[in-house]
Amino acid sequence: MHQYQNILIIKMSALGDVIHALPCAVALRELYPKARITWLVHPQFGALLPEEPILDEVIYFDKVEFNRLALPGKIKKLWQLRQYLHAQKFDLAIDLQGLFKSAVVAALSGANRKIGYNYMREGSSLISKPIHGQHDNGHVVQQYLDVIRYLGSSIEEPVFPKLNLDTELLEINKRVNLEAYGKTWEDTVVLVPGAGWPTKEWPIHHFVELSKRLIEDGKIIILAGGPVEKTKGQAIINGLQKQQAINLIGRTNLRQLAALMSKAKLCIGGDTGPLHVAAAMNCEAIALFGPTKAERNGPYGKHIQIIVSPVPCNYNFRTKEEIKDNCMEKITVDEVYDAARHKLST
């Protein structure tokens, strides 16, 4: 086994994809305990990357800022990146993105060896060697880990890194203030109503009905998500007669969201980043899927229950047009409620 001394992981986006790649950092550190390991990521997705001893450095590449630059500015930015990366003297670059943008970074890295996972697109396989393994058709978490196995790792099950979230937990405890409701964390259910694309979202009226049933069972609802989902959160609050729900949508950063998920008893939502955060924090979760493939891209772990729409989703899941015959609506409140009661009782 070659003993690499300086390793660059390239996984720039998006939130769920970065979380799926986290076990690779853990496996790499176990395989190369004395190596210097660096991760390159977009700033908005780097908050949950582990610190030392797993990672030695995180390099941020701001795509939003880069896209604003005129051509001369872009060239200057890439040249500066090249100079910085070359100064680090990487001897291995691992491209877990498999896109043109990550191929550019790999090419600029100066690493003697460049490898990537099996699904390399947009010409990235011309820069980094695609690594195939026994999980080529399995979950992407295992596909990424096949790259580390190729290097000599014997890891079988993924291990997500533990984060120091003490500061964030203090803030979340203040905002939630369960004592005021006479509740504990064992009574909490986090609902995530957003999913990025309308075709991946469970209807708001379903969330309202589910919330009512869980509140009747003595549970307290905590709503979570990003600022763009504020109207969804308010719609759920407005639909509840009993104000036993706490709306944190748009009020947490990623690390605070992770702290919330680390304490909550259960999380329920669609194909969205916060569900992947819940999975990484080992929170029991129910993930609702329709147009996307949960067996490849869903939240990973034995503590995750996937409920898939019983009818086909015959449309492009990225469309923002009006949805007719929404397949996600066919996932019934009864089914999700029954699954939630089972998880809450264990």
Side-chain angles (χ1 to χ4, degrees), residues 4 6-28 35-50 54-69 71 73-133 135-136 139-151 158 196 273 276 296-297 318:
Y4 294 101
N6 211 343
I7 303 169
L8 175 65
I9 301 171
I10 306 167
K11 188 63 174 177
M12 305 164 79
S13 61
L15 178 57
D17 296 331
V18 170
I19 290 173
H20 283 154
L22 290 178
C24 288
V26 177
L28 268 176
R36 178 175 176 80
I37 303 176
T38 302
W39 191 308
L40 189 142
V41 69
H42 293 324
Q44 63 268 42
F45 304 119
L48 300 185
L49 293 182
I54 295 176
L55 293 180
D56 296 285
E57 183 182 8
V58 176
I59 300 174
Y60 296 103
F61 182 82
D62 194 332
K63 181 182 176 183
V64 175
E65 177 190 6
F66 180 80
N67 287 340
R68 291 196 191 108
L69 298 173
L71 182 58
K74 286 183 168 68
I75 294 173
K76 180 181 179 180
K77 196 75 173 179
L78 291 175
W79 178 253
Q80 291 172 339
L81 178 62
R82 179 188 181 278
Q83 287 182 306
Y84 184 83
L85 294 177
H86 273 249
Q88 310 309 306
K89 301 186 183 303
F90 293 111
D91 50 7
L92 174 65
I94 303 175
D95 181 359
L96 298 179
Q97 195 82 47
L99 295 175
F100 177 78
K101 65 178 182 180
S102 57
V104 171
V105 173
L108 295 175
S109 71
N112 296 326
R113 192 178 189 193
K114 308 173 188 69
I115 59 176
Y117 84 120
N118 69 87
Y119 188 44
M120 306 293 281
R121 295 153 287 166
E122 299 180 0
S124 57
S125 61
L126 299 175
I127 303 298
S128 301
K129 176 184 176 181
I131 302 302
H132 294 272
H135 300 95
D136 270 12
H139 197 284
V140 72
V141 169
Q142 291 286 7
Q143 291 183 35
Y144 293 156
L145 281 174
D146 274 345
V147 181
I148 317 304
R149 295 184 182 106
Y150 170 81
L151 295 171
H276 298 292
R296 183 187 188 275
N297 299 310
R318 292 184 180 273

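Computed from a predicted structure; not experimentally measured.
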Got a sec, which residues hit salt bridge (charged side-chain N to carboxylate O under 4.0 Å, His left out) with [X], two or more places apart in sequence or on another chain?
| X | answer |
| --- | --- |
| Glu122 | none |
| Lys77 | Glu65 |
| Asp146 | Arg149 |
| Asp62 | none |

Kindly give the heavy-atom pair with the smallest separation between Gln142 and Pro158, and that separation in Å.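 Shortest heavy-atom separation between Gln142 and Pro158 comes out as NE2-CD, 3.6 Å.
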For Asp91 against Ile7, the heavy-atom pair lying closest together: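 Distance-wise, the nearest heavy atoms are OD1-N, 4.3 Å.
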Residues, nucleotides or ligands: over 12 heavy atoms within 6.0 Å of Lys74 NZ: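 Yes, NZ of Lys74 has more than 12 neighbouring heavy atoms, counting only those of other groups under 6.0 Å.
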Could you list the residues that satisfy ring-ring contact (aromatic ring centres under 6.0 Å, His included) with Phe66, not counting sequence neighbours?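 Once residues adjacent in sequence are excluded, the partners of Phe66 under the ring-ring contact (aromatic ring centres under 6.0 Å, His included) criterion are Phe61.
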Nearest 0.5 Å, what's the [atom1]-[atom2] distance between [X] and [Y]?
| X | Y | atom1 | atom2 | answer |
| --- | --- | --- | --- | --- |
| Ser109 | His86 | OG | NE2 | 6.5 Å |
| Gln80 | Ile75 | CD | CD1 | 12.5 Å |
| Ile94 | Leu40 | CD1 | CG | 13.5 Å |

With no hydrogens and no angle check, do the side chains of His42 and Lys101 hold a donor and an acceptor under 3.5 Å apart?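 Distance-only check passes for His42 and Lys101.
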Could you list the donor-acceptor pairs under 3.5 angstrom formed between side-chain atoms of residues 14-25 and any protein atom two or more places apart in sequence or on another chain?
unit_1: Asp17; atom_1: OD2; unit_2: Ala14; atom_2: N; d: 3.4
unit_1: His20; atom_1: ND1; unit_2: Gly16; atom_2: O; d: 3.4
unit_1: His20; atom_1: NE2; unit_2: His276; atom_2: ND1; d: 3.3
unit_1: His20; atom_1: NE2; unit_2: Gly298; atom_2: O; d: 3.3

